[in-house]
Amino acid sequence: MAHDELLARHRAVLPDWMALYYDHPIEITRGSGRHVTDGEGRTYLDFFAGILTNGVGYDIAEISDAIRSQIDTGVLHSSTLYLIRSQVELAERIAGLSGIPDAKVFFTNSGTEANETALMLACGHRRSDQVLALRNSYHGRGFAATGVTGLRAWSPTALSPLKVAWVHGGYRYRSPFRDLSDADYVAACVADLRDVLNTATSGDVACMIVEPIQGVGGFTLPPDGLFAAFKEVLDEHGILLISDEVQTGWGRTGEHFWGIGAHGVTPDAMTFAKGLGNGLAIGGVVARGDVVDGLTANSISTFGGNPVSTAGALATLDYLLDHDLQSNAAKLGARLISGLRDVAADHPLLGDVRGKGLMVGLELVGEDRAPDPAAAVAVLEATRERGLLVGKGGLHGNVIRLAPPLSVTADEVEEALVALRDAVAEVSAR
């Protein structure tokens with residue numbers, strides 16, 4: 001009864017548009033390693049990590065100790081009107097890791113707020129409200145962030161403070177260019193970009209914002225090198241490139257620390273959040289110093305970069321670097337993708353298995369590659385029944401998203417593969 005009562009209370013006072021997973025929604029009450037336990041006592045292997053946010057894992061002593069140490073000082077908050085030692089130290093680390101020359105960092109509370117800030121900085125720097133964004137993209141819940149989100153299901157209004165022009169490139173599986181070679185795909189998308197600049201803008205565009213791997217859009221990704229080719233065009237016009245690393249940062253893609261690294265290009269700005277805090281609320285922007293310093297009005301962040309979140313983030317960053325979790329993501333992500341492609345060979349329901357590192361999408365389809373969102377819901381339920389938590393997304397709601405904590409083990413990947421194989425087989429048989 002306690003669970004049913006909590007669900008009823010949730011539905012009475014929280015918005016209808018705040019979705020809950022599962023026919024029987026669960027309350028997560030405890031966590032350890034890569035496992036969580038719900039309010040009814042059942043334990044699951046977590047392969048979605050609070051939407052990629054519990055990036056290192058649960059109950060990590062080094063991170064918990066750092067948070068407790070800060071709490072023990074009695075200072076949970078002071079605001080950016082005062083010096084915060086852990087904030088300065090974290091900014092120094094991120095600026096150095098970014099690869100952006102003369103980088104400066106501004107901390108926020110979330111990825112949405114980070115993207116809002118980056119768009120404001122870029123538009124102010126360029127004195128323009130025109131922005132280029134990719135179709136099938138997701139950049140957050142805020143007004144400007146929603147304006148550059150190319151997913152109808154996550155765009156509640158056509159109103160926007162920005163003038164947005166949409167470019168092809170991020171979602172290859174359903175692109176009109178899907179059957180082209182990598183080189184020809186890139187060339188076609190670059191030609192589209194030039195056409196959009198010439199026909200859908202007045203020329204003085206502020207920036208382009210991209211996700212190296214589109215997260216909510218279903219872990220879709222273009223060929224490596226696309227964004228370097230885009231930046232050549234952008235540089236001709238002085239247009240800034242913003243890489244939204246909210247989901248792809250901190251080594252999750254395995255081969256690079258930032259997702260944009262796969263494209264061999266340094267952006268003018270990057271936004272980050274999620275995995276940096278391992279569950280704490282923190283986000284931010286790292287960008288060229290002249291772009292960050294170009295703000296012409298006073299601004300602060302009351303809670304952004306507070307002592308507790310930055311102490312925890314520093315410990316998280318130390319942990320993932322000290323344990324080389326990027327390499328773990330590369331190795332075990334390759335095994336996960338390989339195993340899932342074996343499943344796809346036996347089950348046409350899996351139309352596409354894609355991703356990098358520990359960021360893997362499974363697109364579920366019917367005849368003629370038609371999206372099958374009902375199958376995605378069925379797989380979501382079938383994996384939970386087998387003790388595995390996964391995510392869901394995609395333009396049509398037909399993609400299963402896999403993103404376990406970066407500390408996941410080889411045995412846990414094999415356990416997840418068994419659950420996924422059985423779940424797909426069950427849904428295929430229906």
Side-chain angles (χ1 to χ4, degrees), residues 132-138 149-153 165-200 208 210-234 248 253-255 259-260 262-265 333-334 336-357 359-376 379 392-402 424 428:
L132 299 167
L134 267 62
R135 303 177 186 202
N136 197 55
S137 58
Y138 176 83
T149 287
L151 284 166
R152 178 180 293 179
W166 302 98
V167 179
H168 278 293
Y171 186 13
R172 189 173 187 175
Y173 185 68
R174 296 192 183 279
S175 168
F177 311 138
R178 62 162 285 151
D179 294 323
L180 299 177
S181 68
D182 286 358
D184 288 345
Y185 183 94
V186 170
C189 292
V190 168
D192 174 65
L193 170 59
R194 289 191 183 277
D195 185 61
V196 167
L197 283 170
N198 290 332
T199 62
M208 170 182 271
V210 303
E211 298 164 276
I213 298 178
Q214 294 181 326
V216 176
F219 289 174
T220 68
L221 66 164
D224 292 352
L226 175 66
F227 297 130
F230 275 2
K231 194 167 192 313
E232 289 182 9
V233 178
L234 302 180
T248 50
T253 65
E255 60 188 17
I260 197 71
H263 296 268
V265 66
L336 182 61
I337 291 171
S338 173
L340 289 166
R341 286 181 174 156
D342 289 342
V343 176
D346 295 329
H347 298 286
L349 179 67
L350 289 188
D352 194 27
V353 176
R354 57 182 177 247
K356 288 188 176 184
M359 195 171 182
V360 182
L362 311 177
E363 180 142 357
L364 305 183
V365 301
E367 292 184 6
D368 298 324
R369 295 203 306 267
D372 194 341
V379 170
K392 188 171 71 70
L395 178 62
H396 303 284
N398 66 318
V399 179
I400 294 297
R401 296 196 287 160
L402 308 173
V424 169
S428 294

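Computed from heavy atoms alone, side chains included, the values below leave out hydrogens, waters and symmetry copies.
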Chemist: Okay, side chain of S338, backbone of A334: is any donor-acceptor separation there less than 3.5 Å?
Modeler: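 Side chain of S338 to backbone of A334, a donor-acceptor pair under 3.5 Å: no, none is there.
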Chemist: How long is the gap from CG on L395 to CD on Q214, to the nearest 0.5 Å?
Modeler: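 It is 9.5 Å, given to the nearest 0.5 Å.
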Chemist: Using a 4.5 Å cut-off on heavy atoms from C-beta on, say whether the side chain of D352 contacts that of L362.
Modeler: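 No, every pair of side-chain atoms sits at 4.5 Å or beyond.
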Chemist: Any sub-3.5 Å donor-acceptor pair from E211's side-chain atoms to S137's backbone N or O?
Modeler: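 A pair under 3.5 Å: no.
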Chemist: Which of parallel (below 30°), tilted (30 to 60°) and perpendicular (above 60°) describes F177 and Y185?
Modeler: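 F177 vs Y185 ring planes: perpendicular.
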Chemist: Kindly compute the distance separating CG (D372) from CG (N398), expressed to the nearest 0.5 Å.
Modeler: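 Between atom CG of D372 and atom CG of N398 there are 7.5 Å.
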Chemist: I260 versus F227: any side-chain heavy-atom pair under 4.5 Å?
Modeler: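 A side-chain contact under 4.5 Å exists here.
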Chemist: Over all heavy atoms of both residues, which pair between Y171 and T220 is shortest? Give the atoms and the distance, please.
Modeler: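 Closest heavy-atom pair between Y171 and T220: CD1-CG2, 3.4 Å.
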Chemist: Among residues at least two apart in sequence or on other chains, which ones pass salt bridge (Lys or Arg N to Asp or Glu O under 4.0 Å) with R341?
Modeler: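 R341 satisfies salt bridge (Lys or Arg N to Asp or Glu O under 4.0 Å) with no other residue.
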Chemist: Tell me, which pairs form a salt bridge (Lys or Arg N to Asp or Glu O under 4.0 Å) where one or both residues lie in residues 175-188, sequence neighbours left out?
Modeler: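 For residues 175-188, and leaving out neighbouring residues, the salt bridge (Lys or Arg N to Asp or Glu O under 4.0 Å) pairs sorted by first residue read R172-D182.
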Chemist: What residues, two or more places apart in sequence or in another chain, satisfy side chain to side chain contact (heavy atoms under 4.5 Å, CB included) together with A228?
Modeler: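 A228 satisfies side chain to side chain contact (heavy atoms under 4.5 Å, CB included) with V265 only.
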Chemist: When you measure from the side chain of D192 to the backbone of V167, do you find a donor-acceptor pair of N or O atoms at a distance under 3.5 Å?
Modeler: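 No; zero donor-acceptor contacts below 3.5 Å.
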Chemist: Which heavy atom in P222 sits nearest to a heavy atom in P212, and how many Å separate them?
Modeler: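 Here P222 and P212 meet closest at CD-O, 3.7 Å.
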Chemist: Taking all non-hydrogen atoms of both residues into account, name the closest pair between L349 and A375 and its distance.
Modeler: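 Residues L349 and A375, closest heavy atoms: CD1-CB, 3.7 Å.
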Chemist: Among all residues two or more places apart in sequence or in another chain, which pass the salt bridge (Lys or Arg N to Asp or Glu O under 4.0 Å) test with K392?
Modeler: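 For K392 there are no salt bridge (Lys or Arg N to Asp or Glu O under 4.0 Å) partners, ignoring immediate neighbours.
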Chemist: Considering only heavy atoms from C-beta outward, does the side chain of C189 approach that of L226 to under 4.5 Å?
Modeler: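 A side-chain contact under 4.5 Å exists here.
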Chemist: What is the minimum heavy-atom distance between L180 and A188, and which atoms define it?
Modeler: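 Here L180 and A188 meet closest at CD1-CB, 3.9 Å.
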Chemist: Between D346 and V424, is any pair of side-chain heavy atoms under 4.5 Å apart?
Modeler: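 In short, these two side chains do not touch, never coming nearer than 4.5 Å.
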Chemist: Of all residues at least two apart in sequence or in a different chain, which pass the side chain to side chain contact (heavy atoms under 4.5 Å, CB included) check with A229?
Modeler: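 Side chain to side chain contact (heavy atoms under 4.5 Å, CB included) list for A229, sorted by chain: V186, V190.
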Chemist: Taking it one step at a time, do L340 and L402 satisfy side chain to side chain contact (heavy atoms under 4.5 Å, CB included)?
Modeler: CA-CA 11 Å; L340 289 166; L402 308 173; 3.5 Å; yes
Chemist: Under 4.0 Å between a Lys/Arg side-chain N and an Asp/Glu carboxylate O for D224 and K356?
Modeler: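 Salt bridge: yes.
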Chemist: Who pairs with E363 by salt bridge (Lys or Arg N to Asp or Glu O under 4.0 Å), at least two apart in sequence or on another chain?
Modeler: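 Salt bridge (Lys or Arg N to Asp or Glu O under 4.0 Å) check on E363 returns R174, R354.
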Chemist: Which atom names give the shortest non-hydrogen contact between I213 and L221, and what distance separates them?
Modeler: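 Minimum heavy-atom separation between I213 and L221: CG1-CB, 4.0 Å.
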Chemist: Once rounded to the nearest 0.5 Å, what's the spacing between atom CG of D342 and atom CD1 of I337?
Modeler: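 It is 12.5 Å, given to the nearest 0.5 Å.
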Chemist: State, with a plain yes or no, whether a side-chain heavy atom of Y173 is found less than 4.5 Å away from one of V399.
Modeler: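 No, their side chains stay 4.5 Å or more apart.
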Chemist: To the nearest 0.5 Å, what is the distance between NE2 (H396) and CG (L151)?
Modeler: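 Going from NE2 on H396 over to CG on L151, the span is 9.5 Å.
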Chemist: So which atom in L350 and which in A344 form the shortest heavy-atom distance, rounded to 0.1 Å?
Modeler: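 In this case the closest contact between L350 and A344 is CB-CB, 3.7 Å.
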Chemist: For V233, does its backbone N or O pair with a side-chain atom of R194 as donor and acceptor, under 3.5 Å?
Modeler: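 Not a single qualifying donor-acceptor pair exists.
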